[in-house]
Novice: 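The following block contains the structure, expressed as structure tokens.
Sequence lines set the chain letters: A, B, ... in the order given, protein chains first and strands last, and positions in each chain run from 1.
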Amino acid sequence: MFRAFAYQLMTEGFAAAAGPAAIPGPTLECEVGDVLRVHVRNGLPDKYAQAITMHPHGVRYTPEYDGAYMGDFTRAGGYIGPGEEFTYTWEAIPESAGAWPYHDHGPNHTLNSMRGLFGAIIIHPKDAPRPDVERVLFLHSLAPPTTGLKRVFQCINGCAYAGNTPTIEAKVGQNVALHVFGIDDAFHDFHMHGHRWHKDGGNFVSDNQTVGPAETITVRFKEDNPGRWLYHCHVMSHQDNGMAGFYLVTP
Amino acid sequence: MFRAFAYQLMTEGFAAAAGPAAIPGPTLECEVGDVLRVHVRNGLPDKYAQAITMHPHGVRYTPEYDGAYMGDFTRAGGYIGPGEEFTYTWEAIPESAGAWPYHDHGPNHTLNSMRGLFGAIIIHPKDAPRPDVERVLFLHSLAPPTTGLKRVFQCINGCAYAGNTPTIEAKVGQNVALHVFGIDDAFHDFHMHGHRWHKDGGNFVSDNQTVGPAETITVRFKEDNPGRWLYHCHVMSHQDNGMAGFYLVTP
Amino acid sequence: MFRAFAYQLMTEGFAAAAGPAAIPGPTLECEVGDVLRVHVRNGLPDKYAQAITMHPHGVRYTPEYDGAYMGDFTRAGGYIGPGEEFTYTWEAIPESAGAWPYHDHGPNHTLNSMRGLFGAIIIHPKDAPRPDVERVLFLHSLAPPTTGLKRVFQCINGCAYAGNTPTIEAKVGQNVALHVFGIDDAFHDFHMHGHRWHKDGGNFVSDNQTVGPAETITVRFKEDNPGRWLYHCHVMSHQDNGMAGFYLVTP
């Protein structure tokens, strides 16, 4: 089965210009066995005009669809100039099951990732039941260029401080899956109050897990503890500078 | 079964005032199935007077006993003012087996954690044999405020440099368990000379393991190698600035 | 079976003087059950004359062969002065199977590690098939002292930027094993384009894995995807400052 997604929303709504609502880009969701065709248009406004790409993690692709700028060795999808378009083809193989980031990997990838040019790919096992509540949370720093602020905020999905960051809601009895990504220069440490999970789906139980740049951790549990909870990065200066949010559980 | 612990020792002996002997706070030790009642009195001296809390990892608790300051949403146990008391109730469920940190999560949690307001909870499986040697090691930075020193020491349990940090002793044939916690802004990497262990209790063998803020790793082995050994954080500047200790094994 | 290795190549060719070809030192390769005898001569040129040692990870050794400078408690192999020699004896026990770093652990270990005084020990399971392609990749920073440059390059095996760093070659159908080590103050995050692997040999699939100082991750896969690929540290500033390389797969 083929699925098509539009990346243009993200580039048109480029975070620095459009505000935090555009961070992260659209979540691409599919099933093992699917082939993704992803139509990308570089819709960056003139002010930010530059080449971009879309590099995926986890999926299988040939070098043509790698989306990586490589200087003299750059392939077609590794340089999408202002106003240009490209269609990537990616395959969700059995080992792709899980959640993965995609992000700009063009000549200016660091700055663009700092501006929010990233998003998630969720690949469900074939014919498996889906979680009742499933959210993606990107941990990243952001110095909003339009504000002239020098301060670097520690953000979740483009926003800082609980109430601005995503407030996640669930009910007792629901299966919850939170896909947490690092997407800057720093290592983060995801903590959820009042809950624990099996780290990497194994035997070790954790309530606080390291997540490096472009890594994913998935926090899965069956909800059993109603109330208002905090989730946050446990790197203390990150928490203090905004990397925290609310999780609301109703009975 | 109920167990009661006094946190006041720690706050009365608040590290910055009382010296490193007060870091970490008392270890809370129990068994799966136990319910912990923890009586906390904020005994901070006037010089450091401020609200504190006690937020646990790993155990199960209702929001009332979360011990987290949340601004307008703060519950009773999330703000214990100077001279005030509070009793937390926490449950050691099967998934709580292991070792976990507790720490201040009040309005000034970062500074207080830097001053040493943290400790360990060890939860043994029900009716399981205990290790012969079991120690908790907190990896954290400390700039002693009473000394006026600018230098940040890299500490283990409030002290810097082998000989000052805990010297651990064991005999050949003993089962050893070392619970190692990160508890500052940094990521650490725990290395023990002359020994190896199964990372997170799985199949992968390591002698050097990453531990992030408020994470725990547990190093378990049966002792078989007598002599004087070093253990240290393998982040080189941390080791150089004091994050190392001795481990003495007798035949 | 005994195997002998000469460490002198590395110290004589000490990175700062000899250039990146001497980084890392020689790879020590053996099998579980082997005993390694490692003959070390401190051949540092006068300009860099100082005591060095060779401290191994993963293998079993008595304190005499620990290779760690410990001040008043230093043993014979913990201080090899300029022009001196020492022979270490290390044992590859079943739990040693895998890849491990060795490095200077003398009185000046941090600076020397920054200069490249490290290498790999690969210990194969007994009578097991070997990978068709096996490489060691050390992730570390380097400020070449002979150049007078202030800039810190982010290196792989002593070199910075794809084309200078190791270009790895493989063919479709080959079994590939890449042993990746951190060996400085930083945490790194190893990403390979177009491929994925089972983290720590378990069930969790990753294409991007954290590796701390003196930690090892091993990336294993059966090659099935021809083309020119990038591998790099996903800490963005590390990638920008050189920590990237090419992987070439032919059909």
Novice: Using the test ring pair (Phe, Tyr, Trp, His ring centres under 6.0 Å), find all partners of C/His140 that sit at least two apart in sequence or belong to another chain.
Specialist: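 Listed in chain order: C/Phe118.
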Novice: Sort C/Asn203 into side chain, backbone, both or neither according to what part of it lies under 4.5 angstrom from a heavy atom of chain A.
Specialist: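 Nothing of C/Asn203, per the 4.5 Å heavy-atom cut-off to chain A.
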Novice: Which answer fits A/Val211, side chain, backbone, both or neither, if we ask what part of it has an atom under 4.5 Å from a heavy atom of chain C?
Specialist: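 When you check distances to chain C, no heavy atom of A/Val211 falls under 4.5 Å.
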Novice: Any idea how A/His103 and C/His234 line up, ring-wise: parallel (<30°), tilted (30 to 60°), or perpendicular (>60°)?
Specialist: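 Taking C/His234 first and then A/His103, their aromatic rings stand perpendicular (interplane angle over 60°).
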Novice: With a 4.5 Å heavy-atom cut-off, do A/Met70 and C/Phe246 have their side chains touching?
Specialist: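 Of all side-chain heavy-atom pairs linking C/Phe246 with A/Met70, at least one is under 4.5 Å.
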Novice: Name the region of A/Tyr61, side chain, backbone, both or neither, that has any atom closer than 4.5 Å to a heavy atom of chain C.
Specialist: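 Contact with chain C involves both backbone and side-chain atoms of A/Tyr61.
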Novice: Evaluate the ring planes of A/His57 and C/His191, with Trp represented by its six-membered ring, and classify them as parallel (under 30°), tilted (30 to 60°) or perpendicular (over 60°).
Specialist: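 Correct class here is parallel.
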Novice: Hey, can you pull the donor-acceptor pairs under 3.5 Å for the side chains in residues 180-189 of chain C, sequence neighbours left out?
Specialist:
residue	atom	partner	partner atom	Å
C/Asp184	OD1	C/Ala186	N	3.0
C/Asp184	OD1	C/His188	NE2	3.1
C/Asp184	OD2	C/Ser141	N	2.9
C/Asp184	OD2	C/Ser141	OG	3.1
C/Asp185	OD1	B/Met236	N	3.0
C/Asp185	OD1	B/Ser237	N	2.8
C/Asp185	OD2	B/Ser237	OG	2.5
C/His188	ND1	C/His238	ND1	3.0
C/Asp189	OD1	C/Asn208	ND2	3.3
C/Asp189	OD1	C/Gln209	N	3.4
C/Asp189	OD1	C/Thr210	N	3.2
C/Asp189	OD2	C/Asn208	ND2	3.2

Novice: For A/Pro63 versus C/Gly227, what's the shortest heavy-atom pair and its separation?
Specialist: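 In terms of heavy atoms, the two residues are closest at CG-CA, 3.8 Å.
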Novice: State the CZ-OG1 distance between C/Arg228 and A/Thr74, to the nearest 0.5 angstrom.
Specialist: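 Spacing of CZ (C/Arg228) from OG1 (A/Thr74) equals 10.5 Å.
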Novice: What donor-acceptor contacts under 3.5 angstrom involve side-chain atoms of residues 121-128 of chain A, with partners at least two apart or in another chain?
Specialist:
residue	atom	partner	partner atom	Å
A/His124	NE2	A/Glu29	OE2	2.7
A/Lys126	NZ	A/Glu31	OE1	3.3

Novice: Closest approach of C/Arg196 and A/Arg60, non-hydrogen atoms and distance?
Specialist: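 Reported closest heavy-atom pair: NH2-CA, 3.5 Å.
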Novice: Which residues in residues 214-225 of chain C have a heavy atom less than 4.5 Å from any heavy atom of chain A?
Specialist: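 Result: C/Asp224, C/Asn225.
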